[in-house]
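To start, the structure under review is shown below, and the notes come after it.
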Amino acid sequence: MRLGIISALQEEQEGLVEAMQAPTTLVHGMRTYTAGDIAGIAAVCVLSRIGKVAAATTATMLIEKLGVTHILFTGVAGAGDARIQVGDIVVAESLLQYDMNASPLFPRYEVPLTGLAYFQSDLHLSNIVADAAAGFLDADFENTIDAAERKDFRLQRPRVHRGLIASGDQFISSPGHINGLNQALSGLLAVEMEGAAVAQVCFELGVPFAVIRTISDNANEAAAHDFMRFVKTVASRYAFHIVMRFCRELAKA
Ligand code: SAH
């Protein structure tokens, strides 16, 4: 197994490259791929940058040029439902591109000529990353996120949710927009800008993948402000500890 680890932003992968044994780097197509061992797993870390095309290109490159056999996307997302709170964690069961619309030629949201709107993540990888997230919240959360930050962001008892993530090339920051998506897409948990693109590439190339997102904002007027602070101070720590737990567990299997 060779695991590709993708994030859009540097903070979403903070500390991982430093935790790698024997790292080597390849710069290609405006991205830096760092290969090495993380907790006994052969891994390649890379920042995709933001958006579906950037993410799809990066996933393709990881598979075709770096030889990865499995992919984990780790990052932040806006809450897609009122039950989901900032600080909660969402693990994708399926992913959809909410801005895909070739109707009336194809049904709304369907990716033309694949017959699919919803792309399923790999159950085994998703189970392991969901367990890693739950383990982090139970055992590391209180020691890792300091009390002032927990209070500022009202992080009380963060939870892990599993279900639908929707991706599109927009930062969603209005209640009208997020409520409309919530109504149109039953079971929606989170919105972001990369996951469903990675899912399509992995589907087409037959590579198992998982997507995990920490909720950074409520996709409303406060989203941009909340997002910036949260990513720097909180999400970076979630990502590091969860990915380390994930790799340790994978290495046992
Ligand atoms: N202002 C930021 C832009 C970040 S875009 C900057 O200059 O760096 C937001 C990133 O976080 C994307 O990678 C996306 O996947 C995720 N994200 C978090 N909250 C989101 C939201 N409300 N809508 C869409 N994407 C969101």
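Counting convention: from 1, in listed order, for ligands and their atoms alike.
If you check which protein heavy atom lies closest to atom 1 (N) of ligand 1, you get M228 SD, 4.0 Å. Of all protein heavy atoms, the one lying nearest to atom 24 (C) of ligand 1 is Q170 O, 3.3 Å. Nearest protein heavy-atom contact of atom 16 (C) of ligand 1 is V76 O, 3.4 Å. When only non-hydrogen protein atoms are considered, atom 20 (C) of ligand 1 lies nearest to F171 CE1, 3.4 Å. For atom 13 (O) of ligand 1, the closest heavy atom belonging to the protein is E194 OE2, 2.6 Å. The protein non-hydrogen atom at the shortest distance from atom 3 (C) of ligand 1 is I50 CD1, 3.9 Å. Atom 2 (C) of ligand 1 has F227 CE2, 3.7 Å as its closest protein atom, hydrogens excluded (heavy atom only).
When heavy-atom distances to ligand 1 are checked against a 4.0 Å cut-off, A224 has no atom that comes that close, whether in backbone or side chain. Neither the backbone nor the side chain of R49 comes within 4.0 Å of ligand 1, counting heavy atoms alone. Counting heavy atoms under 4.0 Å from ligand 1, residue A8 touches it through the side chain alone.
The side chain to side chain contact (heavy atoms under 4.5 Å, CB included) test with Y33 singles out one residue from L66, L47, T24, V27, and that residue is L66.
Ligand 1 has at least one atom lying under 4.0 Å from a heavy atom of A77. Within the 4.0 Å heavy-atom cutoff, G75 does not count among the residues contacting ligand 1.
Of all heavy-atom pairs between S126 and S121, the closest is OG-OG, 3.2 Å. Taking both residues in full, the closest heavy atoms of I84 and A79 are given as O-CB, 3.6 Å, listed atom of the first, atom of the second, then distance.
No side-chain donor-acceptor contact under 3.5 Å links Q97 to the backbone of K52.
A cation-pi arrangement, defined by a distance under 6.0 Å to the six-membered ring centre and an angle within 45 degrees of its axis, is absent between R108 and Y98.
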- Please walk me through it: do E194 and R49 pass salt bridge (charged side-chain N to carboxylate O under 4.0 Å, His left out)? CA-CA 9 Å; E194 299 85 16; R49 307 200 306 269; over 6 Å; no
- Task: For side chain to side chain donor-acceptor pair (under 3.5 Å), just list the numbers for E12 and T74, CA-CA rounded to whole Å, side-chain angles, deciding distance to a tenth of an Å, and then say yes or no.
- Result: CA-CA 7 Å; E12 295 170 323; T74 171; over 6 Å; no
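For I172, a nitrogen or oxygen atom sits less than 3.5 Å from a nitrogen or oxygen atom of ligand 1, counting backbone and side chain alike. Distances between N or O atoms of D217 and those of ligand 1 include at least one value under 3.5 Å.
Taking the six-membered ring for Trp, F73 and F209 have ring centres at least 6.0 Å apart.
Residue A219 approaches ligand 1 through these ligand atoms, each under 4.0 Å from one of its heavy atoms: 22 (N). Here is the list of ligand 1 atoms found below 4.0 Å of a heavy atom in S216: 18 (C), 19 (N).
Using a 4.5 Å heavy-atom cutoff, the side chains of F227 and V76 are in contact.
The protein does not reach atom 7 (O) of ligand 1 closely, with no heavy atom under 4.0 angstrom from it.
Across the listed options M193, E11, H177, M193 owns the non-hydrogen atom lying nearest to atom 14 (C) of ligand 1.
A donor-acceptor contact closer than 3.5 angstrom is absent between the side chains of R31 and S48. With 3.5 Å as the limit, one finds no donor-acceptor pair spanning the side chains of E11 and S236.
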